[in-house]
Amino acid sequence: MSKLLIVGTVAFDAIETPFGKTDKILGGSAPYIGLSASQFNVNSAIVSVVGGDFPDKHLDLLRHHNIDISAVEIIPSGKTFFWSGRYHNDMNTRDTLSTELNVLSDFQPVVPTNFKDANVIVLGNLHPLVQLSVLDQTTNEDALVILDTMNFWMDNTLEDLMQVIKRVDVITINDEEARQLSKESSLVVAARKIQEMGPKYVVIKKGEHGALLFNQENVFFAPALPLEEVFDPTGAGDTFAGGFAGFLTKTNDFSFENMKKAVIYGSALASFCVEKFGTERMCNLEAKEVFRRLQLFKNLTQFDIELT
């Protein structure tokens with residue numbers, strides 16, 4: 001069975017939206033990626049770190065979804081990474097109220113021996129030097145490496161980030177980040193510039209306006225499913241990455257045609273994530289619900305036209 005290695009944060013989030021607010025709940029990039037990828041019944045593992053304040057129930061949740069957490073380091077004397085944010089009424093913009101790195105500030109990832117040959121590697125949103133350390137520990141030269149990053153690393157660690165970008169096959173970023181990284185306003189030109197930096201594939205996420213996939217001269221657009229309400233957009237991008245990576249791990253086909261399907265799966269799963277606070281919706285998501293959502297995506301984009 002193909003293996004999926006997930007490296008990212010496991011954290012506490014406190015979220016406030018126009019629909020309500022939470023106390024500390026399960027957050028971080030890795031749980032969203034892992035829970036999303038678990039829909040494909042792949043052999044997956046998370047590499048991360050938490051403090052002694054992290055409850056067993058969250059670890060049990062990940063285990064229940066057949067995610068290997070043996071490489072989630074627990075530092076009994078430390079505190080878990082914490083983020084707090086408040087979303088504006090448009091749900092597209094937010095204010096970060098608090099960021100406490102805690103045990104994450106000294107994180108030294110250790111890839112488990114049985115996942116060093118993983119077929120797909122997802123480098124979640126972390127310091128580029130941590131991501132490089134993970135790549136240095138893996139052994140499968142044919143592995144598909146997917147990078148998720150953000151403008152914070154572009155602002156503060158660009159040189160290190162460029163070293164990571166040179167070594168990945170796929171980069172997933174939003175439209176603002178693509179423009180910042182490439183210094184181009186056109187997303188088509190931006191994607192071409194980013195491919196010249198190393199990645200064969202560029203996925204540009206546009207939130208409620210869908211996602212674009214670029215590979216050489218090939219372009220694919222996947223719409224976002226129109227939803228009556230978006231309850232909490234936290235983790236939607238990571239959920240997209242998990243669905244994208246999970247499908248590719250399951251099929252072990254890294255062609256452009258299969259990447260197009262992976263983008264659709266990622267978009268479909270992300271559309272569930274925003275329906276509840278945090279990871280709540282993804283925890284009990286059933287396969288039949290995913291099938292129905294995929295059918296909606298198909299109906300949204302399928303049409304007959306007679307060309308003369």
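For the numbers below, each heavy atom of this structure counts, side chains included, while hydrogens, waters and symmetry mates do not.
Minimum heavy-atom separation, Ala143 to Ala118: CB-O, 3.3 Å. The heavy-atom pair separating Gln137 from Val111 by the smallest distance is OE1-N, 2.9 Å. The nearest pair of heavy atoms linking Ala224 to Leu300 is O-CD2, 4.1 Å. Of all the heavy atoms in Val202 and Ala191, the pair that sits closest is CG2-O, 3.8 Å. Across all their heavy atoms, Cys283 and Leu35 have their closest contact at SG-CD1, 4.2 Å. Nearest heavy atom pair, residue Leu187 against residue Ala178, reads CD2-CB, 4.3 Å.
Applying the ring pair (Phe, Tyr, Trp, His ring centres under 6.0 Å) test to every pair with at least one member in residues 61-101, sequence neighbours left out, gives no pairs at all. Listed by first and then second residue, the ring pair (Phe, Tyr, Trp, His ring centres under 6.0 Å) pairs that reach into residues 276-297 are Phe231-Phe277, sequence neighbours excluded. Note on residues 186-203: pairs passing side chain to side chain donor-acceptor pair (under 3.5 Å), not counting sequence neighbours, are Asp169-Lys200, Glu184-Lys193. Residue pairs meeting the ring pair (Phe, Tyr, Trp, His ring centres under 6.0 Å) criterion with at least one partner in residues 134-158, sequence neighbours excluded, are His127-Trp153. Residue pairs meeting the side chain to side chain donor-acceptor pair (under 3.5 Å) criterion with at least one member in residues 30-45: none, sequence neighbours excluded.
Once rounded to the nearest 0.5 Å, the distance linking CD1 of Ile67 with CG of Leu61 reads 7.5 Å. If you take OG1 on Thr157 and CG on Leu129, they are separated by 7.5 Å, rounding to the nearest 0.5 Å. Residue Thr239 holds its OG1 atom at 10.0 Å from CG of Leu285, rounded to the nearest 0.5 Å. Distance check: Leu147 CG to Leu161 CG gives 6.5 Å after rounding to the nearest 0.5 Å. Remark: Ile69 CD1 to Leu62 CG distance equals 6.0 Å, nearest 0.5 Å. Between the CG atom in Leu144 and the CD1 atom in Ile146 there is a gap of 5.0 Å [rounded to 0.5 Å].
The environment of Asp23 atom CG is sparse: at most 12 non-hydrogen atoms of other residues, nucleotides or ligands sit within 6.0 angstrom. Around the CG atom of Asp136, the shell of radius 6.0 Å holds more than 12 heavy atoms that belong to other residues, nucleotides or ligands. For Lys276, the NZ atom counts as loosely surrounded, since its 6.0 Å shell holds 12 or fewer non-hydrogen atoms of other residues, nucleotides or ligands. When the shell of 6.0 Å around CG of Asn299 is examined, it contains more than 12 heavy atoms from other residues, nucleotides or ligands.
Under the salt bridge (Lys or Arg N to Asp or Glu O under 4.0 Å) criterion, Lys298 pairs with no residue, sequence neighbours left out. For Glu289, the salt bridge (Lys or Arg N to Asp or Glu O under 4.0 Å) partners two or more places apart in sequence, or in a different chain, are Arg281. Residues passing the salt bridge (Lys or Arg N to Asp or Glu O under 4.0 Å) test with Glu286, sequence neighbours excluded: Lys288. Residues passing the salt bridge (Lys or Arg N to Asp or Glu O under 4.0 Å) test with Arg292: none are found, sequence neighbours excluded.
Salt-bridge annotation for Glu257 and Lys260: present, with a side-chain N of the basic residue lying under 4.0 Å from a carboxylate O of the acidic one. Ionic pairing of Glu275 and Arg293 is present here: one or more N-O contacts between side-chain nitrogen and carboxylate oxygen are shorter than 4.0 angstrom.
If you chain together hydrophobic residues whose side chains sit under 4.5 Å apart, Phe272 and Leu227 fall into the same group. No single ILVMFWY cluster, assembled from side-chain heavy atoms under 4.5 Å apart, contains both Val110 and Val47. Both Val219 and Ile194 are members of a single hydrophobic cluster when ILVMFWY side chains are connected at heavy-atom separations under 4.5 Å. Residue Met91 is not grouped with residue Leu97 when hydrophobic side chains (ILVMFWY) are merged at heavy-atom distances under 4.5 angstrom, including chains of intermediate members. Under a hydrophobic clustering in which Ile, Leu, Val, Met, Phe, Trp and Tyr are joined whenever their side-chain heavy atoms come within less than 4.5 Å, directly or via other members, Val189 and Ile165 fall into different clusters.
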Distance-only donor-acceptor hits, side chain of residues 1-13, under 3.5 Å, sequence neighbours excluded:
{"from": "Ser2", "atom 1": "OG", "to": "Thr249", "atom 2": "O", "distance (Å)": "3.4"}
{"from": "Lys3", "atom 1": "NZ", "to": "Asn114", "atom 2": "O", "distance (Å)": "2.5"}
{"from": "Lys3", "atom 1": "NZ", "to": "Asp117", "atom 2": "OD1", "distance (Å)": "3.0"}
{"from": "Thr9", "atom 1": "OG1", "to": "Ser29", "atom 2": "N", "distance (Å)": "2.9"}
{"from": "Thr9", "atom 1": "OG1", "to": "Ser29", "atom 2": "OG", "distance (Å)": "3.4"}

Determine all donor-acceptor pairs shorter than 3.5 Å in which one atom belongs to a side chain in residues 53-60; sequence neighbours excluded.
{"from": "Asp53", "atom 1": "OD1", "to": "Thr80", "atom 2": "N", "distance (Å)": "3.1"}
{"from": "Asp53", "atom 1": "OD1", "to": "Thr80", "atom 2": "OG1", "distance (Å)": "2.8"}
{"from": "Asp53", "atom 1": "OD2", "to": "Thr80", "atom 2": "N", "distance (Å)": "3.4"}
{"from": "Asp60", "atom 1": "OD1", "to": "Arg63", "atom 2": "NH1", "distance (Å)": "2.6"}

Side chains of residues 261-270: which donor-acceptor pairs under 3.5 Å do they make with residues two or more places apart or in other chains?
{"from": "Ser267", "atom 1": "OG", "to": "Val263", "atom 2": "O", "distance (Å)": "2.9"}

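Checked against Gln180 for a side-chain hydrogen bond (donor to acceptor under 3.5 Å, both in side chains), the options Asn174, Asn151, Asp155 give a single hit: Asp155. Checking each of Val170, Val120, Val168, Val164 against Val145 for a side-chain contact (heavy atoms from CB on, under 4.5 Å) leaves exactly one that passes, namely Val168.
No donor-acceptor distance shorter than 3.5 angstrom exists from the side chain of Thr279 to the backbone of Met282, with no hydrogens or angles considered. Side chain of Asn258 to main chain of Asp253: a donor-acceptor pair is present (N/O by atom type, distance under 3.5 Å, no hydrogens or angles). Ser84 places no side-chain N or O within donor-acceptor distance of the main-chain N or O of Ser98, the cut-off being under 3.5 Å. For the pair Thr138 (side chain) and Asn140 (backbone), a donor-acceptor distance under 3.5 Å is absent. Formation of a donor-acceptor pair under 3.5 Å by the Glu100 side chain with backbone atoms of Lys79 is not found in this model.
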Could you please spell out the steps behind the side chain to side chain contact (heavy atoms under 4.5 Å, CB included) verdict for Ile171 and Leu181? CA-CA 11 Å; Ile171 183 171; Leu181 183 60; 4.2 Å; yes

One pair to check against side chain to side chain contact (heavy atoms under 4.5 Å, CB included): Lys206 and Leu212. What are the steps and the verdict? CA-CA 8 Å; Lys206 292 171 59 64; Leu212 288 156; 3.9 Å; yes

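Inter-residue side-chain proximity for Leu104 and Leu126 is flagged as met; some heavy-atom pair is nearer than 4.5 Å. No side-chain heavy atom of Thr17 sits under 4.5 Å from any side-chain heavy atom of Val230.
Side-chain atoms of Asp160 and Gln131 form no donor-acceptor pair, as typed in the model, at a separation below 3.5 Å.
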